[in-house]
Number of protein chains: 2
Amino acid sequence: MTLDWTERFQGTAALPRAVRNRLVDVARIIHMDEGAQVFGPANVPDSLFFLYEGRIRVSQSSESGREITLYRVDAGESCVLTTACMLAEEAYNAEGVAESEITAVVLPKPAFDRLVAEEEAFRKFVFAAYSKRLIDLLRVVDDVAFGHMDVRLAERLLALTGDLKEISATHQQLASELGTAREVVSRVLSDFQKREMIAQSRGRIALIDKNALKILAGSK
Amino acid sequence: MTLDWTERFQGTAALPRAVRNRLVDVARIIHMDEGAQVFGPANVPDSLFFLYEGRIRVSQSSESGREITLYRVDAGESCVLTTACMLAEEAYNAEGVAESEITAVVLPKPAFDRLVAEEEAFRKFVFAAYSKRLIDLLRVVDDVAFGHMDVRLAERLLALTGDLKEISATHQQLASELGTAREVVSRVLSDFQKREMIAQSRGRIALIDKNALKILAGSK
DNA sequence: CACGTTAGGTGACAATGTCACTGAAGAAGT
DNA sequence: ACTTCTTCAGTGACATTGTCACCTAACGTG
């Protein structure tokens, strides 16, 4: 895979050809299967990570076993949390898990340092990536601290479903998205069902009234 | 104030003299009073911010009027959230308020870009700052999503009190620290009082059994 | 000292989290 | 097909936290 993968990356500006070529020179391509842990407390990376294909879910989990999704790394984005983890001595409990088969570009730290030093476009890209994640986390804090469960769940359902009509997701998975307990998701979903906004079957949820969900997601 | 203020800054490495001198050349010193809004939604900065003296409290507030402290910027640290805000087109609702009189070094964006490009020590400092804030926010998410109120409040009381015996803080202020409601703080505090861990008077809380608080803060 | 302002207390109720348990749906083996 | 096992979902009881309305106490000011 020697193609121009850097075209995929969305920085504040597209990376110019010269930078791309330099990246291709020093980068290593890796593949991972769905479900693989890309990074985590027991798996601290010493390299920088740029996702070419697939999607990574970054989550945080509590001692008690609950879990919350912090954000997702999409194709074309980098995962700066790994850099943060490298620098931080503090313990953290975030992990990244491949949601699909992924292809990533791995840049060893020295190469990263050199590129950051020498290529402005690359630098901008990295700073933009950091900023995006900070903003993502602000949103998570806002949601968890101030948001209502029904609204948050409606948002997630819409986001996860996209243009489709239904998704396959267990109540437990949705609970892990939102950082709550399965029972809470069950309660809210059965309320949605009573109000005829969704239909449920084992492991599947069909959105039969997206409009109502959107109205709900935008309220409170 | 032409002193070597960069000595104050704690990066991964202390900034070497050459960098300091360059910084002093391009920087502007500003002062603000306690209570002043350093940055916020209505006050997006176009410069980088390095705190020399004082302390800034960075918080996020909800539509409904509740508020939560995200982290504090201490003397010697920079406030990267401002950079993130500059880059982000998204709406955010974080703000920074001076908790004391502050002195800060303001670096216009072009100067910042030049320094980042040319000085490795400065670059490291900035990356470390970003990483620290990311980790800070992870901690906030963990607290809010999974933490228990009594534990969180005990932690805050200990942190805010430091080596002293008591602090002056209203229940509302503590609620704003933790992103909860005043009534909740009142309830937990009266429980602490009943258990003789603290003593309360209007606007003041005395920690009479720090040990018990520490035990509580470390549990759950 | 009267008054207004702010801090704090209280009770009722709603929303969410926790626990223990039950039943239902699918998967796998015979 | 039938049994068995595992995973998923539903339920009721209770604890914690959030919300609302209202009250009382402490302080500051004229």
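Chain identifiers are assigned alphabetically (A, B, ...) following the order of the sequence lines, protein sequences preceding nucleic acid strands; residue numbering begins at 1 within each chain. Because the structure is a prediction, the values reported are computed rather than measured.
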Can you tell me how far [atom2] of [N] sits from [atom1] of [X], to the nearest Å?
X       : N       : atom1 : atom2 : value
M149(A) : dT16(C) : CE    : C1'   : 8 Å
R204(B) : dG8(C)  : CZ    : C1'   : 16 Å
F146(A) : dA15(C) : CZ    : P     : 19 Å
D143(B) : dT17(D) : CG    : P     : 13 Å
L153(B) : dG8(C)  : CG    : P     : 13 Å
H148(B) : dG18(D) : NE2   : P     : 12 Å
I205(A) : dA9(D)  : CD1   : P     : 8 Å
Q193(A) : dG10(D) : CD    : P     : 7 Å

_Using the side chain to side chain contact (heavy atoms under 4.5 Å, CB included) definition, which of the options T180(B), D191(B), L189(B) pairs with L153(B)?_
L189(B)
*Distance-only, no hydrogens or angles: does the R55(A) side chain make a donor-acceptor pair with backbone N or O of D74(A) under 3.5 Å?*
no
*Evaluate the side-chain proximity of V126(A) to Y130(B): yes if any heavy-atom separation is below 4.5 Å, no if none is.*
no
*Has R28(A) got more than 12 heavy atoms of other residues, nucleotides or ligands less than 6.0 Å from its CZ?*
no
*asked:* Taking CD in E101(B) as the centre, count heavy atoms belonging to other residues, nucleotides or ligands within less than 6.0 Å. Is the count above 12?
replied: no
*asked:* Exactly one of R66(B), R152(B), R57(B) should register a salt bridge (charged side-chain N to carboxylate O under 4.0 Å, His left out) with E177(B). Which one does?
replied: R57(B)
*Select from Q200(A) and A145(A) the residue whose nearest nucleotide in DNA chain D is closer to the 5' end of that strand.*
Q200(A)
_DNA chain C contacts made by residues 167-192 of chain B, counting heavy atoms under 4.0 Å_ = T170(B), H171(B), R182(B), E183(B), S186(B)
